[in-house]
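Right, one structure below, let's go through it.
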Amino acid sequence: MSEALVNVDLPPPAGVSHPDPWQVYGQTLNSRLLLGTARYPSPAVMADAVKASGADVLTLSLRRQSPEQLGGGSIWDHIKGLGCRLLPNTAGCHSAKEAVTLAQMSREIFETDWLKLEVTGDDYNLQPDPYELIDAARQLVKLGFKVFAYTTDDLVVCTRLRDLGCEVVMPWGAPIGTGKGLTDPYALETLRARLPGVSLVVDAGLGLPSHAARVLEMGFDGVLLNTAVARADDPVRMAAAFGKAVAAGRLAYNAGAMAESETARPSTPVVGTPFWQTSNE
């Protein structure tokens with residue numbers, strides 16, 4: 001066996017993450033899958049799904065997740081106990097003022113300056129409001145927040161967010177909760193090409209592990225999802241599937257895909273290749 005084959009850098013068979021650490025706001029993450037914590041059948045299922053996914057970062061919302069008591073502690077305490085980095089979000093906010101106020105509350109409660117910034121502009125498809133989003137991002141960066149900005153795949157908006165100091169920009173793949181996958185791959189490819197120095201995470205609209213793998217194959221830094229796992233028939237198995245898909249997509253991106261060709265090419269060329277022919281003579 002050749003030395004090249006022996007030294008191929010493959011992920012451990014039992015793991016879900018390729019050893020390709022990711023620097024985010026000065027912190028090292030080993031998984032490129034960020035996972036939401038809402039809409040699971042039970043807290044126990046949510047906890048098992050988190051473990052199966054291999055995710056390092058969990059999102060949670062002050063506004064939309066209930067703080068009802070679970071075994072003597074709130075749902076937020078339950079999530080804190082999973083040992084992952086928390087990423088509070090401003091889901092449900094419709095203005096910059098609302099988002100900034102909720103962000104300040106979240107920082108105090110969850111003791112983190114990481115924030116997933118969401119400002120909804122349309123209640124039908126939950127499309128982010130670009131004007132209020134940019135205003136909120138400007139204020140929050142000045143207040144010392146490490147902003148993960150959730151937006152559409154609009155190049156101008158994403159560029160403005162980068163220029164304001166958002167080191168992580170999170171364009172959607174499709175409207176949140178739809179499971180449609182990547183509705184505009186061209187727009188996403190354009191973002192990746194035009195914003196090479198920004199951590200780009202596709203957030204919302206993914207439904208299948210293959211969608212997540214495609215995102216990583218395109219060179220995006222990660223994916224964030226919730227509904228695709230939480231509402232699956234078996235959330236734990238689906239979480240594991242997404243974890244492996246993200247790792248596979250990143251490994252494929254690092255490996256470098258073959259160039260596409262307009263014509264067929266034999267995988268075993270004949271011309272110029274020596275061959276032998278047996279004869280009964």
Side-chain angles (χ1 to χ4, degrees), residues 24-25 34-39 57-68 74-76 79 85-178 180 183-184 187-188 191 195 198-206 223-227 230:
V24 181
Y25 281 115
L34 293 75
L35 196 61
T37 54
R39 304 191 69 186
V57 177
L58 303 179
T59 64
L60 70 171
S61 173
L62 262 178
R63 192 158 198 167
R64 286 186 171 163
Q65 283 175 267
S66 171
E68 279 119 3
S74 73
I75 181 62
W76 300 326
I79 294 170
R85 177 174 285 277
L86 301 182
L87 180 63
N89 65 57
T90 59
C93 292
H94 290 77
S95 69
K97 182 178 180 181
E98 282 183 286
V100 171
T101 299
L102 191 62
Q104 292 172 318
M105 293 172 60
S106 295
R107 179 159 63 179
E108 182 176 345
I109 291 173
F110 300 118
E111 301 178 332
T112 179
D113 54 8
W114 281 25
L115 182 80
K116 177 187 172 185
L117 175 60
E118 299 182 46
V119 184
T120 301
D122 180 77
D123 286 326
Y124 178 75
N125 69 354
L126 301 179
Q127 182 169 329
D129 183 323
Y131 307 103
E132 295 295 320
L133 177 69
I134 289 173
D135 185 14
R138 180 183 296 109
Q139 295 182 54
L140 290 166
V141 169
K142 288 181 179 179
L143 290 170
F145 283 90
K146 307 296 191 297
V147 178
F148 294 61
Y150 169 60
T151 179
T152 62
D153 51 20
D154 185 280
L155 174 62
V156 175
V157 174
C158 291
T159 302
R160 294 285 178 85
L161 291 167
R162 176 203 62 185
D163 294 344
L164 287 172
C166 298
E167 295 184 17
V168 182
V169 177
M170 303 199 296
W172 69 4
I176 189 168
T178 61
K180 291 182 176 296
T183 56
D184 193 347
L188 292 175
L191 285 177
L195 300 173
V198 179
S199 287
L200 293 177
V201 176
V202 169
D203 176 12
L206 304 185
V223 297
L224 192 157
L225 53 93
N226 187 165
T227 309

More than 12 heavy atoms of other groups within 6.0 Å of Tyr131 OH:
no
Identify the heavy atoms of Thr120 and Leu126 that sit nearest to each other, and give their distance.
CG2-CA, 4.0 Å
Can you find a heavy atom in the side chain of Val198 that is under 4.5 Å from one in the side chain of Val168?
no
Identify, with sequence neighbours excluded, every residue that meets ring pair (Phe, Tyr, Trp, His ring centres under 6.0 Å) alongside Tyr150.
none
Decide yes or no on salt bridge (charged side-chain N to carboxylate O under 4.0 Å, His left out) for Lys97 and Asp135, but give the supporting numbers first.
CA-CA 9 Å; Lys97 182 178 180 181; Asp135 185 14; over 6 Å; no
Val157 and its side-chain contact (heavy atoms from CB on, under 4.5 Å) partner, picked from Asp154, Thr159, Leu155:
Asp154
Glu98 to Ser95 - nearest heavy-atom pair and separation
N-OG, 3.1 Å
Do Asn125 and Trp172 come close enough that some side-chain heavy atom pair is under 4.5 Å?
yes
Please report the C-alpha distance between Ser199 and Val169 in whole Å, then the side-chain angles of each, then the deciding distance to 0.1 Å, and finally whether the side-chain contact (heavy atoms from CB on, under 4.5 Å) criterion is met.
CA-CA 6 Å; Ser199 287; Val169 177; over 6 Å; no
Quick one: pull up NZ in Lys146 and CD in Glu167 and give me the separation to the nearest 0.5 Å.
8.0 Å
NE2 on His94 to CG on Asp123, rounded to 0.5 Å
3.5 Å
Could you tell me which non-hydrogen atom of Leu164 sits nearest to which non-hydrogen atom of Ile134, and how far apart they are?
CD1-O, 3.5 Å
Sole residue of Leu87, Leu35, Val57 in side-chain contact (heavy atoms from CB on, under 4.5 Å) with Leu224:
Leu87
Main-chain N/O of Val147 paired to Tyr25 side chain as donor or acceptor, under 3.5 Å:
yes
CD on Gln104 to CD1 on Ile109, rounded to 0.5 Å
12.0 Å
Quick one: pull up CG in Leu161 and CZ in Phe148 and give me the separation to the nearest 0.5 Å.
13.5 Å
Checking Met170 against Val202 for the side-chain contact (heavy atoms from CB on, under 4.5 Å) test, could you report, in this order, the C-alpha distance in whole Å, the side-chain angles of both residues, the deciding distance, and whether it holds?
CA-CA 5 Å; Met170 303 199 296; Val202 169; over 6 Å; no
Check: Thr90 main-chain N/O paired with Glu118 side-chain donor or acceptor under 3.5 Å:
no
Heavy-atom count around Arg162 CZ within 6.0 Å, excluding the residue itself: above 12?
yes
Under 3.5 Å: donor-acceptor pair, side chain of Asn226, backbone of Ala38:
yes
Shortest non-hydrogen contact between Pro171 and Asp153, atoms and distance:
CB-CA, 4.0 Å
Cys158 side, atom SG; Leu188 side, atom CG - distance, nearest 0.5 Å:
9.0 Å
Lys116 and Asp203: side-chain contact (heavy atoms from CB on, under 4.5 Å), yes or no, with the steps?
CA-CA 11 Å; Lys116 177 187 172 185; Asp203 176 12; 2.9 Å; yes
In chain order, what residues pass the side chain to side chain contact (heavy atoms under 4.5 Å, CB included) check against Arg107, with sequence neighbours excluded?
Asp113, Leu143, Phe145
Are the side chain of Thr112 and the backbone N or O of Trp114 linked by a donor-acceptor pair below 3.5 Å?
yes
Look up atom SG in Cys166 and atom CG in Leu115, then write down how far apart they are to the nearest 0.5 Å.
10.0 Å
State, yes or no, whether a side-chain contact exists between Tyr124 and Pro175 at a heavy-atom distance under 4.5 Å.
no
Tightest non-hydrogen contact, residues Asn89 and Ser61, listed as OD1-CB, 3.1 Å
Check the pair Arg39 / Thr227 against side-chain contact (heavy atoms from CB on, under 4.5 Å), numbers first and verdict last.
CA-CA 7 Å; Arg39 304 191 69 186; Thr227 309; 3.6 Å; yes
Sidechain-backbone polar pair: Thr37 side chain, Thr59 backbone, donor-acceptor under 3.5 Å
yes
Residue pair Ala136 / Val119: nearest heavy atoms and the distance that separates them:
CB-CG2, 4.4 Å
